[in-house]
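Side-chain atoms are counted along with the backbone in the values below, which use heavy atoms only and exclude waters and symmetry mates.
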Amino acid sequence: MTNNILFSQEITLFQQFNGQYDYLAFGNTLNSGENNIDRNFCDVLSESQADLLMPANTTIVAAYLYWAGSGNGDLDVALNNNPISADNIYLVEYNDPTYGLLTYFSCYADITDFITTTGNATYNFSGLDISETLTNNLGYCGNRTNFAGWCVYVVFEDSQLPLNQVNLFQGLEIINRNVQEKTILLDNVNVLDNDGAKIGFLAWEGDANLNYGESIIINNNIISSPPLNPANNAFNGTNSFTNSNTFYNGDIDVYGIQNNIAIGDTSVEIKLTTGDLDIFGNLQADLIIINNIITVLNSQLPDATVQINNILLECGNRQITIDYTIFNINSTDILVANVPIAIYANNELIGSTFTTNELVIGASENGQITVTVPENLSNNLNITMVVDDTGNGTGTVVELNELNNQAFQDIQLLDIPINPLEPLKNCDEGFNQAYFDLTLSLEQIETNGQTISFYESFEDVETDSNEIINPTYYQNSVESQTIYLKVEDEPCYNIYYFDLVVENCPPNIPQVFTPNNDGYNDWFNIQGLYNIFEQHELKIYNRYGTLIFEGNNNTPWEGKTNKGINNTGNILPTGTYFYLLNLNDSNYKLLTGWVYLNR
């Protein structure tokens with residue numbers, strides 16, 4: 001197998017433009033289809049068209065026409081029937097293992113005056129004739145590298161643009177299946193700000209259907225713009241400016257690279273790759289010819305500053321709320337959104353946030369953030385806000401002045417006196433609940449006529465929410481509940497707390513009951529027993545000492561027997577009966593006595 005021979009012109013800086021500049025590109029292919037798919041054609045079109053539509057209020061600074069194709073080149077072409085001769089020609093040679101030495105070319109010409117005069121129009125490119133090359137060497141059609149096309153780069157000025165540095169690099173370099181990687185180092189760049197940075201490529205002979213590991217790597221990062229230009233098929237016959245995928249065997253593509261370059265860079269490393277294994281395990285690759293590369297880098301700078309307007313302190317709360325303003329004054333560029341802001345207390349990071357809006361020159365935005373001061377810090381604090389600080393002293397934005405990003409304010413946290421009070425006690429009215437007059441707690445303190453309020457939780461006191469509406473008639477919700485009392489004071493307020501204790505008070509045992517079904521006093525109703533002493537046991541004996549009834553919380557005595565085989569359910573006669581009541585409460589002894597049952 002014959003070794004491939006590569007001969008190319010290294011891509012180097014051709015022109016540099018500094019000012020409120022940007023660029024656009026337009027052009028078209030002279031292929032009627034992708035040569036990798038259609039083997040039926042072995043020629044190119046005699047002409048093709050493309051539209052130039054300049055943005056409003058712009059001025060053309062420079063324009064360059066590029067044309068390329070198979071063979072040794074054609075130096076004379078026409079644009080809108082205007083004859084154009086090449087200023088220079090680049091050649092690259094490739095020794096195909098089957099068809100031998102094949103040559104490809106690219107020409108360029110400065111057409112600034114012509115484009116400036118013609119302006120927005122439909123441009124017709126013609127006069128490029130490579131028919132003799134394709135006829136005399138069937139290798140181009142045999143290995144499907146028969147192509148031709150054209151492109152115009154237009155550099156323009158726009159007073160609405162930032163100060164950009166536009167770098168145009170050109171030459172002719174090639175990658176293929178045997179040389180699958182090419183590294184191009186672009187020197188003479190000056191990255192003052194990477195916001196909006198972009199890179200454009202003019203390449204030839206890319207095939208959309210040869211999807212074999214074609215990638216563009218900028219500073220070790222693969223770039224892409226799917227779906228038009230996926231990461232693994234960068235050179236696929238597309239035009240990023242028109243979103244077209246029918247720029248057959250050519251590519252006019254542009255990518256945003258602000259995440260791929262760093263402030264202060266003076267060079268950009270570009271790595272181009274092709275080659276991958278097909279489904280059968282065979283190495284496949286596309287032949288890619290790089291014609292030129294163009295970068296647009298911003299050179300204007302913002303200046304972020306911060307001002308602390310107010311710090312809101314809350315009594316007894318280590319949370320502080322900071323009102324602040326971010327400015328972009330004395331700047332020469334927009335301050336982007338999402339610039340990090342760090343908050344320090346006594347030089348310890350306690351919070352972070354970001355700017356919200358894009359700030360034009362002279363603009364500002366207000367913000368608010370609530371942060372918590374750690375317990376390990378004292379109440380006497382120096383609060384520092386730093387804009388463009390990720391929390392470790394480093395920033396993300398290059399500014400005109402890096403020394404004016406801080407604002408300071410001294411504060412002292414407000415402590416709240418929190419004092420206990422004696423508990424309030426009341427008798428259980430059932431299921432461990434009772435009603436309390438919470439205002440009785442005020443007898444233990446001096447309020448001096450200040451506003452008072454009661455709450456069920458400390459959190460409610462802090463947020464001043466869910467105040468107890470009727471404190472004079474309050475029923476506890478849980479056993480051993482704590483109530484919080486807030487007394488307004490200056491400069492803060494005072495908090496007191498006390499427990500609600502629900503006690504099992506002695507039951508009130510009646511001496512008589514009348515189970516005659518008149519709806520009144522029909523059962524042995526021991527007040528303060530049922531649903532209070534829920535585990536009690538009640539036993540009833542007749543005057544002869546015979547056990548005639550056993551009851552509990554669910555079984556009250558209604559004047560009938562429930563003991564004895566022959567006596568269960570019998571109605572008991574009028575008479576005196578002896579009771580034995582075990583409350584099953586360690587605070588009470590067994591209760592005994594007599595009750596009179598009267599029919």
Side-chain angles (χ1 to χ4, degrees), residues 13-28 48-67 79-80 82 84 87 108-125 150-170 186 188-202 225 228 238-244 247 250-258 261 291-302 331-336 358-363:
L13 181 66
F14 173 66
Q15 292 289 346
Q16 185 178 85
F17 306 88
N18 291 290
Q20 292 175 291
Y21 300 144
D22 201 347
Y23 91 103
L24 59 78
F26 69 99
N28 207 342
S48 64
Q49 299 78 37
D51 295 328
L52 169 61
L53 183 61
M54 295 296 299
N57 301 316
T58 58
T59 302
I60 295 172
V61 175
Y64 301 96
L65 171 66
Y66 300 88
W67 63 96
L79 199 60
N80 288 1
N82 181 66
I84 296 175
D87 293 337
Y108 77 88
D110 186 335
I111 59 170
T112 303
D113 292 339
F114 176 72
I115 294 294
T116 301
T117 302
T118 308
N120 290 337
T122 297
Y123 287 80
N124 185 80
F125 177 86
W150 62 281
C151 173
V152 176
Y153 273 20
V154 180
V155 179
F156 60 88
E157 183 178 22
D158 185 345
S159 62
Q160 301 301 311
L161 288 172
L163 292 172
N164 288 327
Q165 183 184 75
V166 180
N167 295 283
L168 176 59
F169 304 83
Q170 63 186 42
L186 305 183
N188 301 303
V189 299
N190 183 20
V191 183
L192 298 180
D193 185 0
N194 59 0
D195 180 35
K198 58 185 178 182
I199 191 167
F201 296 84
L202 174 61
S225 59
L228 195 66
T238 57
N239 183 338
S240 297
F241 291 90
T242 60
N243 204 37
S244 169
F247 193 82
D251 286 88
I252 306 175
D253 290 324
V254 62
Y255 301 85
I257 58 169
Q258 66 183 50
I261 60 174
N291 198 162
N292 63 46
I293 301 172
I294 188 167
T295 61
V296 180
L297 305 172
N298 190 285
S299 62
Q300 288 182 284
L301 296 174
S331 61
T332 58
D333 195 12
I334 293 171
L335 180 65
V336 297
E358 184 179 79
L359 300 181
V360 299
I361 297 171

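With contacts defined as side-chain heavy-atom distances shorter than 4.5 Å, the pair Thr242/Phe247 does not qualify. Looking only at side-chain heavy atoms (C-beta outward), Tyr21 and Val61 come within less than 4.5 Å of each other. Within the 4.5 Å cutoff, side-chain heavy atoms of Tyr64 are placed close to those of Leu168. Between Asp22 and Lys198, the closest side-chain pair of non-hydrogen atoms falls below 4.5 Å. Residues Met54 and Ile60 have side chains in contact (heavy-atom distance under 4.5 Å, counting atoms from C-beta outward). Side-chain contact between Asn167 and Ile294 is absent, with no heavy-atom pair separated by less than 4.5 Å. A heavy-atom distance below 4.5 Å is not found between the side chains of Val336 and Pro302. Using a 4.5 Å heavy-atom cutoff, the side chains of Phe201 and Asn291 are not in contact.
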Per-pair distances, 0.1 Å, donor-acceptor, side chain in residues 152-163, under 3.5 Å, sequence neighbours excluded:
from	atom 1	to	atom 2	distance (Å)
Tyr153	OH	Asn292	OD1	2.7
Asp158	OD1	Gln160	N	2.9

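In this structure a side-chain-to-backbone donor-acceptor pair under 3.5 Å is missing from Ser244 to Asn239. A donor-acceptor pair under 3.5 Å is absent between the side-chain atoms of Thr118 and the main chain of Ile115, judged by distance alone. Within the 3.5 Å criterion, the main-chain N or O of Val166 finds no donor-acceptor partner in the side chain of Asn164. At least one donor-acceptor pair closer than 3.5 Å links the side chain of Ser240 to the backbone N or O of Val254. Counting only distance, with no hydrogens or angles, the side chain of Asn80 and the backbone of Asn124 share a donor-acceptor pair below 3.5 Å. Checked by atom type and distance alone, the side chain of Asn28 never pairs as donor or acceptor with a backbone atom of Ala50 at under 3.5 Å.
The shortest heavy-atom contact between Asp110 and Ala63 is OD1-O, 3.4 Å. The two residues Gly119 and Leu52 come nearest to each other via the heavy atoms O-CD2, 3.6 Å. Residues Cys151 and Leu202 approach most closely at CB-CD1, 3.9 Å, considering heavy atoms. Across every non-hydrogen atom of Thr238 and Leu228, the tightest pair is CG2-O, 3.6 Å. Looking at every heavy atom in both residues, Asp87 comes nearest to Ala109 through OD2-CA, 3.3 Å.
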Could you walk me through whether Tyr108 and Phe14 satisfy the ring-ring contact (aromatic ring centres under 6.0 Å, His included) test, starting with their C-alpha distance in whole Å, then the side-chain angles of each, then the deciding distance to 0.1 Å, before giving a yes or no? CA-CA 12 Å; Tyr108 77 88; Phe14 173 66; 5.1 Å; yes
For the pair Tyr123 and Phe26, evaluate ring-ring contact (aromatic ring centres under 6.0 Å, His included) and give the outcome as yes or no after the intermediate values. CA-CA 9 Å; Tyr123 287 80; Phe26 69 99; 5.4 Å; yes
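For the atom pair Thr116 OG1 and Ile111 CD1, the distance stands at 9.5 Å (nearest 0.5 Å). Note that OG1 of Thr59 is 10.5 Å distant from CD of Gln20, once rounded to the nearest 0.5 Å. Tyr255 contributes atom OH, which lies 5.0 Å from atom OG of Ser225 (distance to the nearest 0.5 angstrom). One finds the CG atom of Leu297 at 11.5 Å from the CD atom of Gln258 (value rounded to the nearest 0.5 Å). To the nearest 0.5 angstrom, Thr117 atom OG1 is 9.5 Å from Asn82 atom CG. With values rounded to the nearest 0.5 angstrom, Ile84 atom CD1 is found 4.5 Å from Leu79 atom CG.
In the displayed structure, Asn120 atom CG is contacted under 6.0 Å by more than 12 heavy atoms of other residues, nucleotides or ligands.
For the residue pair Gln170 / Tyr66, a side-chain donor-acceptor distance below 3.5 Å is found, with atom types taken as modelled.
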